[in-house]
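See structure below.
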Amino acid sequence: MSDIRVIEVKENILADNDKEAQVLRDKLKSKKTFLMNLMSSPGSGKTTTLLRTVESLKDRIKIGIMEADIDSSVDAETMARAGVKSIQLHTGGMCHLDAAMTEQGLNELKYDDLDLVVLENVGNLICPAEFDTGAAKNVMILSVPEGHDKPLKYPLMFSKVDALIINKIDVMPYFDFDMEKLREYVGKLNKNVKIFPISAKTGEGVKDWTDWLLGEVSSHNQ
C-alpha cells in the first residue's frame, strides 16, 4: 500500500511541475530569453565547456549563467571572474532543479536583458532528467573517460536531450571509447538529438556547437 502511495505522490509532483514548466517556457518566449538546461555527471567538463561557449558568443548575445549545486559557490565564482553575469543556486540537498526553483533563480538573476541563460544543473544523470525546468532546449555533456556505454545505463537522460556534447575528445587515444557505438546507442533512444564532439580544453569542435546554439537562440528570440 505504501508503495502505491509513493508512486501517486511522485506522479502528482511531476504533473504539477510539467504545468509550471510550460508556463515558464511561454513566459521566457514572450520575453525573448532562451533558457538552456545543461546536464552531466560531475567531472565531465561543464564549467570549462561553458567558458568556451561564453567566450565564443559573448560579443554576439547577452549571456547569464545559473550554477546549481547542493552546497557550493565555486562554479559561479569561476564564471563571475570570467566576466559573466552569474548566480549560484543551492538546492538544499536536492539532486535536481524543478521549474519553480528555476524561475526563482531567473528572478534573482534579473534576466530581462539576457538573450541566453544557461542553467548548469546539479551533476548527475538521474534526477535532472526527470524534471522539466522550463528550458527551451536540454543539453547534456558526456566526457570520453565516462565511456560510450552510458546511454545503456542512463537511457532516460539521453532520450530527453536535444543536443549531446561529447567532451574531451583530445584524450580519445587513451580510452576505449567507440564514437560509432555511442552514436548507435543514442540513436536508438533519440533519433533527433544533435551530437557535437568537442574538446573544451583545446577548442576542437567548439565552433560547430556554438554555431548550433546561436542559431537556436536567434530562432527562439525572433
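For the numbers below, each heavy atom of this structure counts, side chains included, while hydrogens, waters and symmetry mates do not.
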- Minimum heavy-atom distance W212-K194, with the two atoms named: NE1-CG, 3.7 Å

- Taking T49 for its side chain and A200 for its backbone only, find out whether a donor-acceptor pair lies under 3.5 Å. no

- Message: When you measure from the side chain of H148 to the backbone of D178, do you find a donor-acceptor pair of N or O atoms at a distance under 3.5 Å?
- Response: yes

- Task: Look at atom CG of N192 and say whether more than 12 heavy atoms of other residues, nucleotides or ligands are closer to it than 6.0 Å.
- Result: no

- Give a yes or no on this: more than 12 heavy atoms of other residues, nucleotides or ligands lie within 6.0 Å of atom CD of E184. yes

- Item | For the student: nearest non-hydrogen atoms of D113 and K62, plus distance | O-CD, 3.1 Å

- Main-chain N/O of V206 paired with R52 side-chain donor or acceptor, under 3.5 Å: no

- Message: With a 3.5 Å distance limit and no angle check, can you tell me whether T210 reaches the backbone of K207 through a side-chain donor-acceptor pair?
- Response: yes

- Note on the structure: From the list L119, I141, V161, side chain to side chain contact (heavy atoms under 4.5 Å, CB included) partner of L38 resolves to I141

- Main-chain N/O of A99 paired to N17 side chain as donor or acceptor, under 3.5 Å: yes

- Do other residues, nucleotides or ligands put more than 12 heavy atoms under 6.0 Å from Q22 CD? yes

- Students should find that the hydrophobic cluster of Y185, defined by side-chain heavy atoms under 4.5 Å apart, otherwise consists of L152

- Check whether L89 and L106 end up in the same hydrophobic cluster, where Ile, Leu, Val, Met, Phe, Trp and Tyr are linked by side-chain heavy atoms less than 4.5 Å apart. yes

- Inter- and intrachain pairs under disulfide bond (SG atoms under 2.5 Å apart), touching residues 118-174, at least two apart: C95-C127

- Message: Determine whether a donor-acceptor pair (N or O, by modelled atom type, separation under 3.5 Å) exists between the side chain of N37 and the backbone of A135.
- Response: no

- Query: Closest approach of I63 and V84, non-hydrogen atoms and distance?
  - Reply: O-CG1, 4.1 Å

- Message: For G134 versus L24, what's the shortest heavy-atom pair and its separation?
- Response: CA-CD2, 4.4 Å

- Taking the side chain from Q88 and the backbone from E67, do they hold a donor-acceptor pair closer than 3.5 Å? yes

- Ignoring hydrogens and angles, tell me if any N or O in the side chain of K85 forms a donor-acceptor pair with the backbone of K110 under 3.5 Å. yes

- Hey, any chance L142 and F175 share a hydrophobic cluster, counting ILVMFWY side chains that come within less than 4.5 Å of each other, even indirectly? yes

- Query: Taking NZ, NE, NH1 and NH2 as the nitrogens, is one of them in K31 or D26 under 4.0 Å from a carboxylate oxygen of the other?
  - Reply: no

- Thinking salt bridges, do E103 and K27 make one under a 4.0 Å N-O criterion? yes

- Message: Please check this pair: side chain of T102 against backbone of D98, looking for a donor-acceptor N/O pair closer than 3.5 Å.
- Response: yes

- Message: Looking at S44, is its backbone amide N or carbonyl O close enough to the side chain of N167 to form a donor-acceptor pair, meaning the two atoms are under 3.5 Å apart?
- Response: yes

- Item | Side chains of S41 and E146, donor plus acceptor under 3.5 Å | yes

- Query: CG of N107: more than 12 outside heavy atoms within 6.0 angstrom?
  - Reply: yes

- Hey, are D132 and R25 close enough for a salt bridge, meaning a charged N less than 4.0 Å from a carboxylate O? yes

- Taking every non-hydrogen atom, the tightest pair across A129 and M39: N-SD, 4.3 Å

- Query: If every non-hydrogen atom of S143 is compared with every non-hydrogen atom of G43, which pair is closest and at what distance?
  - Reply: OG-O, 4.4 Å

- Item | NZ (K29) with more than 12 external heavy atoms under 6.0 Å | yes

